[in-house]
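Please read these numbers as outputs of a predicted model, since none were measured by experiment. Heads up: numbering here begins at 1 and tracks the sequence.
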Amino acid sequence: MSNASRYWNLVRLEPTGRSRNRELPPVKQFFVEEFSTVADPIQNSSIQKILVHLRQGLAGSTSPPDRLAKSTLAELSLRCFITSQIEQVCIQLELQFGELHGFRRNDLLPFVLDDDGRVDLSQYQPFSCHILNTFEPDRGSLTTWTIRLVKHHRELNQFLLECGVYLLSDWAILNDTTPRKLSRILSSFQPLTSIEIEQACQLLEAYHQVYRRDRLLQRQSGTTGQCPPPS
């Protein structure tokens, strides 16, 4: 599949448990028309920002009554992209851990790949919509955000844990990082001033004071498992 086609091919889960690409012709036509003048249509960050604005109705455009609204087409286009990324995360997990721990991508996909492309979401919201609704294009790429949420998916993580695979959450990494280690990392890999590094270390210490307290209470109540997102 070409890079651009990820924006109009929805990756669906078949009854057999395998994934399959389903082209959405109205979405393809919309995408091609909308980005026909873009010099490089595969600049994902720019494309995604435009699609998010169109989805929110911020780019302003009317559609003929016999066609889906641009906001709906933009949302479907983003959902297509997200489903392709979800599939890639599951493939990567299979390549990393599957052979050793006895699972394949088809075991992972049912937990996170549940978008059938329907427009009416009054009855059920697929995981791809949750990813899209929480995505902030000014803070990062949709690929990175999708990877993060897939790897933090509770049921998927529970299955991997039963297979002997434990994925560290962002919160666990922060919990195990000391201010001294953070200072060393930021000094070596980030162009930050000493004041900015000091502020980051103070923020980490404040996080530890709150999160470790809550984590201790969870353990005392008998809650175990992966570090959950902070309250």
Side-chain angles (χ1 to χ4, degrees), residues 43-46 48-49 52-53 55-56 58 78 81-82 85-86 88-98 100-101 103 108 111-112 125-231:
Q43 290 296 321
N44 285 322
S45 59
S46 300
Q48 289 158 12
K49 287 181 180 180
V52 167
H53 288 167
R55 177 187 182 236
Q56 297 170 342
L58 301 180
L78 288 164
F81 181 87
I82 290 171
Q85 296 306 305
I86 290 174
Q88 288 305 309
V89 176
C90 293
I91 291 173
Q92 187 60 39
L93 288 171
E94 178 192 23
L95 294 175
Q96 280 185 279
F97 308 110
L100 181 61
H101 295 273
F103 67 85
L108 308 180
F111 294 106
V112 287
Q125 184 183 85
F127 182 53
S128 56
C129 286
H130 169 67
I131 294 174
L132 181 55
N133 290 335
T134 54
F135 172 56
E136 298 180 37
D138 293 330
R139 300 186 62 182
S141 74
L142 187 53
T143 296
T144 302
W145 186 241
T146 301
I147 293 171
R148 174 176 294 181
L149 291 197
V150 171
K151 289 188 174 182
H152 288 177
H153 190 278
R154 184 178 297 275
E155 287 76 19
L156 177 64
N157 269 277
Q158 182 60 41
F159 173 81
L160 290 173
L161 194 60
E162 291 172 358
C163 293
V165 178
Y166 179 73
L167 299 179
L168 284 177
S169 68
D170 292 346
W171 323 121
I173 294 172
L174 282 173
N175 204 33
D176 292 336
T177 301
T178 65
R180 178 178 295 180
K181 182 178 180 180
L182 177 63
S183 177
R184 185 170 64 253
I185 292 171
L186 294 179
S187 300
S188 302
F189 301 104
Q190 296 291 335
L192 300 178
T193 66
S194 58
I195 294 177
E196 290 173 323
I197 293 175
E198 178 61 26
Q199 290 174 336
C201 291
Q202 290 175 358
L203 181 61
L204 179 64
E205 289 177 334
Y207 168 83
H208 283 170
Q209 291 174 10
V210 175
Y211 188 78
R212 286 177 175 171
R213 177 201 63 198
D214 291 351
R215 184 66 170 160
L216 179 61
L217 292 175
Q218 289 171 344
R219 287 174 176 169
Q220 290 174 345
S221 67
T223 302
T224 58
Q226 224 180 17
C227 294
S231 64

Distance-only donor-acceptor hits, side chain of residues 139-146, under 3.5 Å, sequence neighbours excluded:
residue	atom	partner	partner atom	Å
Ser141	OG	Thr144	N	3.1
Ser141	OG	Thr144	OG1	2.9
Trp145	NE1	Ile131	O	3.3
Trp145	NE1	Thr134	OG1	3.0
Thr146	OG1	Leu142	O	2.7

Next on the checklist: As a quick check of understanding, evaluate side-chain hydrogen bond (donor to acceptor under 3.5 Å, both in side chains) for Gln209 and Glu205, giving each step before the final call.
Outcome noted: CA-CA 6 Å; Gln209 291 174 10; Glu205 289 177 334; 6.0 Å; no
Next on the checklist: Pair Lys49, Asp138 - check side chain to side chain contact (heavy atoms under 4.5 Å, CB included), show working.
Outcome noted: CA-CA 8 Å; Lys49 287 181 180 180; Asp138 293 330; 3.8 Å; yes
Checklist entry - Passes side chain to side chain contact (heavy atoms under 4.5 Å, CB included), Leu167 versus Leu93? Steps please. => result CA-CA 10 Å; Leu167 299 179; Leu93 288 171; 4.2 Å; yes
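Using a 4.5 Å heavy-atom threshold, the side chains of Gln88 and Ile147 count as separate. In this structure, the side chains of Arg154 and Gln158 stay at 4.5 Å or more apart for every pair of heavy atoms.
Interatomic distance, OG1 of Thr177 versus CD1 of Ile173, reported as 7.0 Å (0.5 Å rounding). To the nearest 0.5 Å, atom CG of residue Leu108 and atom CD1 of residue Ile86 are 12.0 Å apart. From Gln48, atom CD reaches atom CZ of Phe135 across 5.0 Å, with rounding to the nearest 0.5 Å. Distance check, rounded to the nearest 0.5 Å: CG of Leu192 to CD1 of Ile185 gives 12.0 Å. Taking CD of Gln92 as the start and CD of Glu94 as the end, the distance is 10.0 Å to the nearest 0.5 Å.
For the pair Ser128 and Ile82, the tightest heavy-atom approach, listed with the atom from each and the gap, is O-CD1, 3.5 Å. When every heavy atom of Ile197 is checked against every heavy atom of Ser187, the shortest pair comes out as CD1-OG, 3.5 Å. The shortest heavy-atom contact between Cys201 and Ser183 is SG-CB, 3.9 Å. The minimum heavy-atom distance between Leu149 and Phe127, with the atom names listed, is O-CZ, 3.6 Å. Counting all heavy atoms, side chain and backbone alike, Tyr207 lies closest to Asn175 at CE2-N, 4.2 Å. When all heavy atoms of Leu186 and Ala200 are compared, the closest pair comes out as CD1-CB, 3.7 Å.
Heavy atoms from other residues, nucleotides or ligands lying under 6.0 Å from CG of Leu95 number more than 12.
Panel note: side chain His208, backbone Thr178; no donor-acceptor pair is recorded below 3.5 Å. Side-chain N or O atoms of His153 include none that pairs as donor or acceptor with a backbone N or O of Val112 at under 3.5 Å.
Evaluation of the ring-ring contact (aromatic ring centres under 6.0 Å, His included) rule for Phe103 yields no partner, not counting sequence neighbours.
The aromatic rings of Phe97 and His101 sit perpendicular, their planes meeting at an angle over 60°, well past the 30° parallel limit.
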